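Here's the structure, in structure tokens; my notes come after.
Position 1 is the first residue of the sequence, and the numbers go up from there. In this text, all values refer to a predicted model and were calculated from it rather than measured experimentally.
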Amino acid sequence: MAGQAAEGAGLGAELILDGIAESVTRHRPDAISISFGVEEYSAAGNSGLPALDLTRFSGLPARVVADGVTLVAGAGDSGAAPPVGPHGQRVRSVSWPASDPSVLSLGASRLHLDDQGRRTGPDTVWNDRFGATGGGPSQTFPRPAYQAVQPAGPGFPVAAGEDLAGDGAAEGPAPHR
């Protein structure tokens, strides 16, 4: 069963990479936004070990970014502990490609606004009945140099969390634009 999970996750990762390569070859975009992801826990055969296939796949995103294309990926919408463990158990896992150091990881926050668009409180993490932002420490990738300005803290000697967050809440007043 664990082998099947890793095999399926590896196939999903390959499909993402094929799409990126095709887009870069045909369209030469400035940026590519990726909303699909593969949980590192699943890609590692339902374990907390590094997902070696994902480190092997990491070369393409690095080359694409080096060529001037920005890669952005959603951090997930099942929280920091998605239900990917045995029998749907929630386990800490981050979503790839958002966890790849070459990809800009986008999380979600919740803006607290009244009906006129005025703030009623500070922004908070998105977590409501529709889902929650993903994120957390990577079990696969080491902490990149650009995250070194933040103290690592206990349990974060690895790539950590989202790089950016925007309003992702499905409930409450919509921001006025």
Side-chain angles (χ1 to χ4, degrees), residues 2 5-6 8-17 19-21 24 29-85 89-110 122-127 131-168:
L11 177 60
E14 287 184 45
L15 291 172
I16 291 171
L17 293 174
I20 291 170
V24 169
D30 293 324
I32 297 174
S33 176
I34 307 159
S35 61
F36 177 79
V38 174
E39 294 299 331
E40 285 188 1
Y41 179 86
S42 300
N46 294 336
S47 78
L49 299 173
L52 299 180
D53 277 350
L54 299 183
T55 59
R56 198 168 37 91
F57 296 149
S58 190
L60 177 71
R63 286 191 301 278
V64 167
V65 168
D67 286 343
V69 178
T70 300
L71 296 176
V72 180
D77 56 10
S78 295
V84 295
Q89 175 186 353
R90 291 190 168 273
V91 292
R92 291 181 123 192
S93 183
V94 293
S95 184
W96 179 92
S99 63
D100 189 296
S102 297
V103 177
L104 186 64
S105 177
L106 182 61
S109 59
R110 180 181 180 126
D123 298 349
T124 57
V125 67
W126 168 54
N127 185 0
T133 193
S138 172
Q139 67 189 54
T140 302
F141 297 102
R143 189 177 181 114
Y146 64 81
Q147 287 184 349
V149 296
Q150 297 297 320
F156 282 90
V158 293
E162 299 90 8
D163 299 308
L164 295 172
D167 186 31

**Request:** Report the C-alpha distance between Val24 and Ile32 in whole Å, list the side-chain angles of each, state the deciding distance to 0.1 Å, and finish with yes or no for side-chain contact (heavy atoms from CB on, under 4.5 Å).
**Result:** CA-CA 9 Å; Val24 169; Ile32 297 174; 3.9 Å; yes
**Request:** In sequence, state the C-alpha distance, the side-chain angles, and the governing distance for Ile20 and Ile34, and then conclude on side-chain contact (heavy atoms from CB on, under 4.5 Å).
**Result:** CA-CA 9 Å; Ile20 291 170; Ile34 307 159; 3.7 Å; yes
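Residues meeting the side-chain hydrogen bond (donor to acceptor under 3.5 Å, both in side chains) test with Asn127, sequence neighbours left out: none. Listed by chain and number, the residues in a side-chain hydrogen bond (donor to acceptor under 3.5 Å, both in side chains) with Thr124 are His112 (sequence neighbours excluded).
A distance of 7.5 Å separates CZ in Phe36 from CG in Leu15, rounded to the nearest 0.5 Å. Distance CG/Leu49 to OG1/Thr140: 9.0 Å, rounded to 0.5 Å.
Minimum heavy-atom separation, Leu54 to Phe141: O-CZ, 3.7 Å. Residue Glu39 comes nearest to Ser95 through the heavy atom pair OE1-N, 3.8 Å, listed as atom of the first residue, atom of the second, then distance. In plain terms, the two heavy atoms of Ser105 and Ala98 that are nearest each other are CB-O, 3.4 Å. In plain terms, the two heavy atoms of Ser99 and Val94 that are nearest each other are CB-CG2, 3.6 Å. Taking every heavy atom of both residues into account, Glu40 and Ala51 meet most closely at O-CB, 3.9 Å. Val38 and Ala43 get closest at one heavy-atom pair: CG1-CB, 4.1 Å.
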Taking only distance into account, with no hydrogens and no angle test, what donor-acceptor pairs under 3.5 Å do side-chain atoms of residues 58-84 form with protein atoms, sequence neighbours excluded?
{"residue": "Ser58", "atom": "OG", "partner": "Asp100", "partner atom": "OD2", "Å": "2.8"}
{"residue": "Arg63", "atom": "NH1", "partner": "Gly59", "partner atom": "O", "Å": "3.4"}

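With a 4.5 Å cut-off on side-chain heavy atoms, Ile16 and Pro97 count as touching.
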